[in-house]
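Heads up, the thing below is written out as structure tokens.
Only a predicted model underlies this, so the values are computations on that prediction, with no experimental measurement involved.
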Amino acid sequence: MSLKLKHIAIVVKDYDEAILYYTQKLNFVIIEDAKISEEKRWVVVAPSNSSECSFLLAKAVNEKQKNSIGNQAGGRVFLFLNTNNFEKEYQNLINNGVKIIREPKNEVYGKVAVFEDFSGNLWDLIEPITNKLFYSTAILNIIDNNNVSFAITEIIKLKVATSKEQGNMLFNIHQSKEDNLKIIIWECYKNKAAFEEHLSSKHLQDFLNLNDVEIENGYVTQLIE
């Protein structure tokens, strides 16, 4: 015997308003729309006809249910929408006037943005990482003891520029408590090719040409799970 999740109920104010939003703004399709009674319908929508999990649009019928509209997860992200083409789907949200709560960001699990639907439910749009990530650790020494603040400012600028790379997932900067001249950088990329692209990037070369730091060591590392 096997089990699988079939429907998730989303409490809404009105069936037709919800259908209009999910089909026109998010490009969902109607799977079912059947009349059960004068007041109740069985309305199911999904991202596509082939979706294993679909959404039951449940019209609120009492005050408790009405109060839960848009707040079924207590204010946190409620639903997670996966895609294999983040840029296309995110642009679709923008083009359709969907409210963006958090702009796209690279995380270790994939690229993600948070949006809000017409009821107030929060969603994650995610393109998950499907390949093995590439990790690197670099140990830098600031050359001039009188130039620490400037060097750190430039390293932070490097982080900002690197974070905009399509292949970068993580760029964390740490400063040794015992030696303020020593900087440790933890990096994560979608794959080795993305890391090699970073090594040849203009912003990295411009940073190295400042000669504020020298590279003590660089390590290709792996995550122990």
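- With a 6.0 Å radius and a threshold of 12 heavy atoms from other residues, nucleotides or ligands, Glu214 has its CD atom above the threshold.
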Go through it in stages, so that I can follow the logic: the residues are Trp123 and Phe118, the test is ring-ring contact (aromatic ring centres under 6.0 Å, His included), and I'd like the CA-CA distance, side-chain angles, deciding distance and then a yes or no. CA-CA 11 Å; Trp123 296 61; Phe118 77 111; over 10 Å; no
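- Other residues, nucleotides and ligands place no more than 12 heavy atoms under 6.0 Å from the CD atom of Glu197.
- More than 12 heavy atoms of other residues, nucleotides or ligands shown are found within 6.0 angstrom of CD on Gln205.
- Listed for the Lys66 side chain is no donor-acceptor partner under 3.5 Å among the backbone atoms of Ala60.
- In Asn85, the CG atom is crowded: over 12 heavy atoms of neighbouring residues, nucleotides or ligands sit closer than 6.0 Å.
- Annotation for Ile94: atom CD1 counts as buried by contact number, over 12 foreign heavy atoms lying within 6.0 Å.
- Between Arg41 and Asp16 there is a salt bridge, with a side-chain nitrogen of the basic residue lying less than 4.0 Å from a carboxylate oxygen of the acidic one.
- Of the possible polar contacts, none joining the Ser68 side chain to the Asn71 backbone as a donor-acceptor pair under 3.5 Å is found.
- Between Tyr189 and His198, the ring centre distance stays below 6.0 Å.
- Counting only distance, with no hydrogens or angles, the side chain of Asn96 and the backbone of Val98 share no donor-acceptor pair below 3.5 Å.
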One pair to check against side chain to side chain donor-acceptor pair (under 3.5 Å): Asn141 and Lys182. What are the steps and the verdict? CA-CA 5 Å; Asn141 288 312; Lys182 191 174 295 294; 3.1 Å; yes
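- Of the residues Asp212, Ile183, Asn180, the one that meets the side-chain contact (heavy atoms from CB on, under 4.5 Å) test with Ile142 is Ile183.
- Judged by distance alone, the side chain of Asp117 and the main-chain N or O of Ser119 form a donor-acceptor pair under 3.5 Å.
- In plain terms, the two heavy atoms of Ala9 and Gln72 that are nearest each other are O-NE2, 3.2 Å.
- Residues Ile126 and Leu81 fail the side-chain proximity criterion, which asks for heavy atoms closer than 4.5 Å.
- For the pairing with Val61, the side-chain contact (heavy atoms from CB on, under 4.5 Å) check across Lys64, Glu63, Gln65 returns one residue only, Gln65.
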